[in-house]
S.K.: 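Before anything else, here's the structure in question.
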Amino acid sequence: MKITKLTTYMVPPRWLFLKIETDEGIVGWGEPVLEGRASTVAAAVEELSDYLIGQDPRNIEDLWTVMYRGGFYRGGGIVMSALAGIDQALWDIKGKALGVPAYELLGGKVRDKIRVYSWIGGDRPSDTAAAAKAAVDRGFTAVKMNGTEELQYIDTWDKVQGCLENVQAVRDAVGDNVGIGVDFHGRVHKPMAKVLLKELEPYKLMFIEEPVLSENVNSMLEPLRNSSTPIALGERLFSRWDFKDVLASGAVDIIQPDPSHCGGITEARKIASMAEAYDVAVALHCPLGPIALAANLQIDAGAYNAFIQEQSLGIHYNKSNDLLDYVNDPSVFAYEDGMVAIPDGPGLGIDVNEEYVIERAAEGHRWRNPIWRHKDGSFAEW
């Protein structure tokens with residue numbers, strides 16, 4: 001079998017899909033995207049195609065190694081996201097060629113389904129209690145919200161109080177047994193992160209996400225290690241080498257690699273195995289489309305330390321299209337009792353509606369991160 005063609009499709013709301021074709025007629029799909037840099041990742045995919053065309057798509061480990069190590073400059077969000085989507089598509093092809101889901105080729109399942117959580121707060125936390133209650137009413141047993149708006153290095157107490165009031169409102173709305181994740185989104189610097197970690201302890205949170213940017217973890221090891229709330233981060237880390245020092249630090253309890261950013265199924269599996277050796281849990285990052293979610297679930301199937309899965313259904317980014325629009329059978333992601341079953345169809349386990357993909361790619365998108373500023377005019381982390 002040989003790879004004959006790679007085609008990318010930029011589709012609303014902010015996604016990039018990839019189709020890899022072969023001379024045997026088997027097609028694989030992947031989702032190689034870095035939010036806000038979709039065109040750049042598409043260009044990286046096109047550059048990598050020079051090597052891929054004519055290769056046997058089933059030699060995934062070798063292809064991955066060459067794509068990663070064959071470039072003198074390696075790693076980073078763009079290259080690893082391009083590699084990720086290609087890798088997902090290669091697993092899709094191999095599974096389809098053999099008539100089995102990708103997880104069967106990775107050692108089989110340790111679970112049949114996995115807990116999922118629902119996003120309940122936008123970039124400006126408001127009305128989160130009502131959204132949380134609605135999510136629980138739909139069957140979710142865990143939710144995630146943004147913790148704060150923009151924060152200066154040292155900010156006023158009203159910002160802290162606003163965060164606490166939002167969290168308290170959600171806790172009151174859903175009760176003690178619903179998991180609540182609070183995402184600092186990397187917008188909190190060390191001085192205020194120390195304050196918020198302490199003040200949020202009474203709320204019995206499921207985790208605090210990105211309390212500081214990953215590159216700043218070593219600056220506050222003691223507060224993170226001593227927090228009674230599990231600490232989660234990793235969506236902006238792109239390889240096992242990025243995760244190595246974070247895991248060794250002992251400051252993180254849950255890692256969140258994104259299999260559309262961190263080199264795909266091949267690399268995310270290795271990162272999860274590294275984490276298991278440190279007794280660290282995995283909650284794969286996935287605010288993206290259906291191909292990305294399917295790839296995530298193939299990893300969750302065999303990763304013993306995976307405990308919950310992010311998914312984007314109804315997330316505030318999904319304005320013109322949503323998670324289920326691009327698959328022929330939306331029931332493949334049917335949620336029940338706050339969980340989703342692992343897809344058991346061949347490859348990634350989903351049937352992409354190619355006709356609709358092409359239709360929406362004609363519109364495309366030009367999604368960009370918001371740019372925030374503090375009252376003094378200086379840049380604020382989004």
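The first residue of the sequence shown is numbered 1, and numbering continues consecutively from there.
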S.K.: Which value, rounded to the nearest 0.5 Å, describes the distance between M1 atom CE and K94 atom NZ?
M.R.: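 That separation rounds to 10.0 Å.
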
S.K.: Determine yes or no for a side-chain-to-main-chain donor-acceptor pair under 3.5 angstrom, with Q88 supplying the side chain and A295 the backbone.
M.R.: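 Looks like no, no N/O pair under 3.5 Å.
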
S.K.: So, using side chain to side chain contact (heavy atoms under 4.5 Å, CB included) as the criterion, who are the partners of E47 when residues are at least two apart?
M.R.: none

S.K.: Side chains of Q55 and N59: any donor to acceptor distance under 3.5 Å?
M.R.: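 The answer is no; no qualifying pair exists.
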
S.K.: Please check if the side chain of S312 supplies one atom and the backbone of L288 the other of a donor-acceptor pair under 3.5 Å.
M.R.: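 Side chain of S312 to backbone of L288: a pair is present.
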
S.K.: Keeping the roles fixed (side chain from K96, backbone from V27), state whether a donor-acceptor pair exists under 3.5 Å.
M.R.: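 A pair under 3.5 Å: yes.
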
S.K.: Answer yes if F238 and Y68 sit in the same cluster of Ile, Leu, Val, Met, Phe, Trp and Tyr residues linked by side chain heavy atoms under 4.5 Å apart, and no otherwise.
M.R.: yes

S.K.: Which residue in the set R236, R187, H185 passes side-chain hydrogen bond (donor to acceptor under 3.5 Å, both in side chains) when paired with E210?
M.R.: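 Per the side-chain hydrogen bond (donor to acceptor under 3.5 Å, both in side chains) rule, the option paired with E210 is R236, out of R236, R187, H185.
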
S.K.: For W367 together with Y317, are the ring centres under 6.0 Å from each other?
M.R.: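 So the answer is yes for these two rings.
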
S.K.: Working to the nearest 0.5 angstrom, can you tell me the gap between I60 CD1 and I265 CD1?
M.R.: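 Reported to 0.5 Å precision, the distance equals 8.0 Å.
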
S.K.: Nearest heavy-atom pair of R14 and V33: which atoms, and what distance?
M.R.: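 Result for this residue pair: O-CG2, 3.8 Å.
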
S.K.: Using the salt bridge (charged side-chain N to carboxylate O under 4.0 Å, His left out) rule, collect all pairs that involve residues 97-119, keeping only residues at least two apart or in two chains.
M.R.: K109-D112

S.K.: Looking at E222 and R225, is there a salt bridge between them, counting it only when a charged N and a carboxylate O are closer than 4.0 Å?
M.R.: no

S.K.: State whether K270 and E61 are salt-bridged, where the test is any N-O pair (Lys NZ or Arg NE/NH1/NH2 against Asp/Glu carboxylate O) under 4.0 Å.
M.R.: yes

S.K.: Please state whether the rings of Y153 and H189 are parallel, tilted or perpendicular, taking 30° and 60° as the class boundaries.
M.R.: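 Aromatic pair Y153/H189 classed parallel.
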
S.K.: Are any of the side-chain heavy atoms of Q311 and C286 separated by less than 4.5 Å?
M.R.: no

S.K.: Under the rule for ring pair (Phe, Tyr, Trp, His ring centres under 6.0 Å), what residues qualify as partners of Y73, not counting sequence neighbours?
M.R.: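 By the ring pair (Phe, Tyr, Trp, His ring centres under 6.0 Å) rule, Y73 matches no residue at all.
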
